[in-house]
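To find a chain, count down the sequence lines: A is the first, B the second, and so on, and within it residues start at 1. Predicted, not measured: the structure shown is a model, and the values here were computed from it.
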2 protein chains.
Amino acid sequence: MTATGAPASVGDGRRRGKVTVATIARLAGVSAPTVSRVLNGQAGVALSTRRRVEAVLHEHGYQRGDATAQAPLIELVFHALDSLWALEIIQGVEEVARDQKLGVVLTTMQGRLTPGAGWTEQVLSRRPMGVIAVLSDLTAHQQAQLATGSIPLVTLDPTGEPLHDTPSVGAANYSGALVATRHLLELGHRRIGMLCGNLKWPFCRARLDGFRAAMDQAGVPVEADLVRVGPLYVEGAARETAALLRLPEPPTALFATNDLQAHGVYEAARQAGVRIPDDLSVVGFDDLPFTRWAGPPMTTVRQPLKRMGTTAAAMLVALAAGQAPRERRVELTTDLVVRESTAPPPTGKT
Amino acid sequence: MTATGAPASVGDGRRRGKVTVATIARLAGVSAPTVSRVLNGQAGVALSTRRRVEAVLHEHGYQRGDATAQAPLIELVFHALDSLWALEIIQGVEEVARDQKLGVVLTTMQGRLTPGAGWTEQVLSRRPMGVIAVLSDLTAHQQAQLATGSIPLVTLDPTGEPLHDTPSVGAANYSGALVATRHLLELGHRRIGMLCGNLKWPFCRARLDGFRAAMDQAGVPVEADLVRVGPLYVEGAARETAALLRLPEPPTALFATNDLQAHGVYEAARQAGVRIPDDLSVVGFDDLPFTRWAGPPMTTVRQPLKRMGTTAAAMLVALAAGQAPRERRVELTTDLVVRESTAPPPTGKT
DNA sequence: CTGAAAGCGCTTACAG
DNA sequence: CTGAAAGCGCTTACAG
């Protein structure tokens with residue numbers, strides 16, 4: 001025991017002398033075999049006893065046996081693994097892991113927003129140093145289970161409420177969208193449309209809000225018809241764009257929530273014989289590598305994805321070392337990268 | 001002990017009764033503490049003793065203590081993590097891992113061909129079910145260390161010699177290249193160039209050989225000037241293409257070793273004012289998602305990347321269960337996907 | 001449902 | 001460099 005009188009919190013406990021089954025048994029007023037049963041989820045323990053033991057276990061951050069320290073592992077959970085977007089984040093996490101001699105266990109949730117049933121059990125049995133959840137959130141129960149195992153959690157672009165005190169990392173989505181929209185306004189565009197993602201996701205919502213703010217500041221009304229919500233992929237965005245281009249008064253510029261959607265805009269424009277940027281300006285978001293090689297090279301908002309990965313991993317390492325996070329929410333800056341997909345609107349169309 | 005008289009091989013041993021430190025000690029004619037010292041790499045064991053103990057350890061596929069079984073983990077090692085190519089393979093591995101309730105530990109080697117120093121130690125201490133090495137190879141020593149730990153290895157697109165008996169998975173590179181080249185020949189092209197990757201890598205070599213075979217069969221000479229070797233990325237390929245287009249007699253078609261290189265061709269063509277496919281036909285290899293959205297959509301050879309991942313993982317699971325692999329080398333078929341980047345050569349240029 | 005006792009697998013500390 | 005002995009942390013099998 002140290003001299004600090006601070007209340008037990010996730011991440012400490014592990015720092016003190018070795019906590020064994022015997023310790024827990026003594027503190028909970030039961031025998032070692034009973035603690036063992038609780039740990040292994042075996043039947044034959046009264047519910048009240050089980051609860052008491054679990055409480056003590058949690059409070060002291062018990063870690064299994066000879067492997068007193070956790071395994072040198074970071075759990076990295078992705079909503080889906082379907083874009084270069086994910087790859088850059090992984091690279092960032094890998095970089096920190098390499099430095100710290102940690103392994104990275106990668107899990108995909110196949111598009112679900114929350115890890116499946118067996119997941120928490122697997123993670124608990126691996127005893128990782130911590131968990132990073134990308135574009136996903138754990139249920140309250142899952143969070144509690146991690147906390148019981150003293151396993152810290154960091155989210156990256158969380159999808160749920162800015163919930164609890166879970167530390168999170170993201171990019172300056174609002175100001176990125178604001179700058180992108182201003183760029184279009186400065187070129188002279190007025191009929192500007194936006195392709196949105198799921199507005200329940202904070203980062204999608206922030207990008208729409210940034211768009212709206214720029215339009216409002218410029219005194220240009222946002223036309224409801226020109227704002228469409230759809231998945232963050234190429235195909236859906238192409239369909240929405242095709243519909244927008246068939247409007248009696250089509251937009252002269254589109255801002256997409258990510259580069260994949262912006263590619264859908266390219267695709268629809270090509271099929272409709274609409275030239276970019278002559279007839280239609282397009283701005284994406286992310287700055288994935290292929291945007292540079294698109295025809296024409298895409299104007300987009302750069303998100304420091306790799307750095308978001310290193311930042312999340314570094315936060316996790318700090319939490320695991322028992323440090324309180326400096327801030328609960330870190331937002332890295334975004335930059336507008338102007339290439340060749342944006343130009344003044346066609347004359348007579350402003 | 002079972003009744004089978006088969007010689008011990010990687011992957012068995014683990015199936016029989018529990019092999020403990022005591023067992024090993026008895027068989028090696030030493031005490032348990034000595035075995036323990038060897039296992040933990042501690043000094044103070046005579047070299048000859050150490051060797052003897054290691055031999056017995058290896059022969060019986062010793063697995064640590066209470067965790068008699070290995071950890072439910074697949075180690076997935078990548079040469080680099082810089083393309084959607086990697087992502088699809090990861091997805092395949094993840095799929096099998098999910099089914100088998102295994103975790104996937106991902107490691108990148110930052111472009112090196114062989115994992116760094118600490119890597120084997122980390123892997124050994126994690127006791128994974130097996131290792132998949134993608135576009136990379138382990139040193140002989142690393143392979144021996146894995147074998148000592150009874151950890152099977154599968155390679156995917158191996159970069160070294162078709163070496164040892166290490167089971168490997170790949171695609172039908174040779175016939176894919178053959179079909180792609182034939183497609184260009186059938187369109188009427190004669191001045192066909194090829195962008196190669198590092199020819200020490202079997203898959204790059206096979207693609208060049210397939211190209212050559214198709215040209216030979218058609219009785220069309222391969223012009224040395226039109227075959228260029230470079231990295232498998234966009235930028236270098238763009239430079240090579242720019243040089244090719246400046247030739248007095250530029251090629252009318254180019255076959256690239258992968259889609260990233262083919263994108264480099266697009267880029268160079270765009271900057272030189274050369275139209276695809278009117279002035280120049282292009283064929284890629286891989287069929288990554290973005291090829292569909294390129295301007296124009298790219299003709300390319302589809303590689304079943306995800307299925308390569310599932311195949312490698314399934315082989316590993318079988319090996320870990322003590323089964324001998326059905327075949328040492330599995331090649332999945334490739335298909336030519338004809339889109340809009342190929343057309344007959346410009347008239348007067350055949 | 002619970003614990004005292006025995007047991008297991010490994011490691012540590014000591015003696016030679 | 002090596003082993004007999006003690007010890008550690010956990011689990012199993014039994015008794016109540």
Side-chain angles (χ1 to χ4, degrees), chain A residues 1 13-72 121-122 124-127 148-150, chain B residues 1 13-72 121 124-127 148-151:
Chain A
M1 295 293 159
R14 182 178 331 132
R15 305 270 107 204
R16 319 191 186 154
K18 199 168 213 166
V19 181
T20 72
V21 165
T23 323
I24 301 293
R26 185 162 40 75
L27 291 166
V30 297
S31 69
T34 298
V35 175
S36 176
R37 282 175 206 124
V38 171
L39 281 170
N40 296 291
Q42 287 172 26
V45 179
L47 192 57
S48 58
T49 309
R50 183 179 295 274
R51 288 241 200 290
R52 188 152 34 95
V53 172
E54 274 171 348
V56 178
L57 241 20
H58 181 177
E59 186 186 347
H60 292 80
Y62 173 80
Q63 305 283 140
R64 182 178 242 106
D66 51 346
T68 299
Q70 344 81 315
E121 283 63 36
Q122 281 187 38
L124 252 22
S125 76
R126 280 182 215 129
R127 316 193 159 265
T148 302
S150 300
Chain B
M1 294 293 159
R14 183 178 331 133
R15 306 271 105 207
R16 318 189 187 156
K18 200 166 213 167
V19 180
T20 70
V21 166
T23 323
I24 300 293
R26 184 163 39 75
L27 290 166
V30 297
S31 69
T34 299
V35 175
S36 176
R37 285 189 271 258
V38 171
L39 281 170
N40 296 291
Q42 286 172 28
V45 179
L47 192 57
S48 58
T49 309
R50 183 180 294 274
R51 288 241 200 290
R52 188 153 33 95
V53 172
E54 274 171 349
V56 179
L57 242 19
H58 181 177
E59 186 186 346
H60 291 80
Y62 173 79
Q63 304 284 140
R64 180 181 244 105
D66 51 347
T68 298
Q70 344 82 318
E121 283 63 37
L124 252 22
S125 76
R126 280 182 215 130
R127 315 193 157 265
T148 300
S150 298
I151 298 171

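For B:Ala28, the side-chain contact (heavy atoms from CB on, under 4.5 Å) partners are B:Val30, B:Val53, B:Val56, not counting sequence neighbours. Residues passing the side-chain contact (heavy atoms from CB on, under 4.5 Å) test with B:Ala55: none are found, sequence neighbours excluded. Partners of A:Ala22 under the side-chain contact (heavy atoms from CB on, under 4.5 Å) rule, at least two apart in sequence or in another chain, are A:Thr20.
Atom CD of A:Glu54 sits about 8.5 Å away from atom CG of A:Leu47, to the nearest 0.5 Å. If you take CG on A:Leu57 and CG on A:Leu27, they are separated by 10.5 Å, rounding to the nearest 0.5 Å.
Where DNA chain C pairs in unbroken runs of 3 or more (Watson-Crick or G-U, both distances under 3.5 Å), the stems are C:1-3 with D:14-16, C:5-12 with D:5-12, C:14-16 with D:1-3.
At whole-Å resolution of the value, CD1 in B:Ile24 and C1' in C:dG9 are 13 Å apart. Here the P atom of nucleotide C:dT2 and the CZ atom of A:Arg26 are 20 Å apart, to the nearest Å. We find that CG of B:Leu57 is positioned 14 Å from C1' of C:dG9, with the value rounded to whole Å. Nucleotide D:dC1 holds its P atom 14 Å from the CZ atom of B:Arg51, rounded to whole Å.
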Measure all distances between protein nitrogen or oxygen atoms and nitrogen or oxygen atoms of nucleotides 12-16 of chain D, and list the pairs falling under 3.5 Å.
{"from": "D:dA13", "atom 1": "N6", "to": "A:Arg37", "atom 2": "NH2", "distance (Å)": "3.4"}

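Contact annotation for A:Val35: no contact, since no heavy-atom pair falls under 4.0 Å across all strands.
Of the candidate nucleotides C:dG3, C:dC1, C:dT11, C:dT11 has the atom lying nearest to any side-chain atom of B:Ala32. Among D:dC10, C:dC10, D:dC1, the nucleotide with an atom closest to any side-chain atom of B:Val21 is C:dC10. The nucleotide whose nearest atom lies closest to any side-chain atom of B:Thr34 is, among D:dG3, D:dC1, C:dG3, D:dG3. The listed nucleotides are D:dG9, C:dG3, D:dT2; the one nearest the side chain of A:Thr20 is D:dG9.
Here the shortest heavy-atom pairing between A:Ala25 and A:Ser31 reads CB-C, 3.6 Å.
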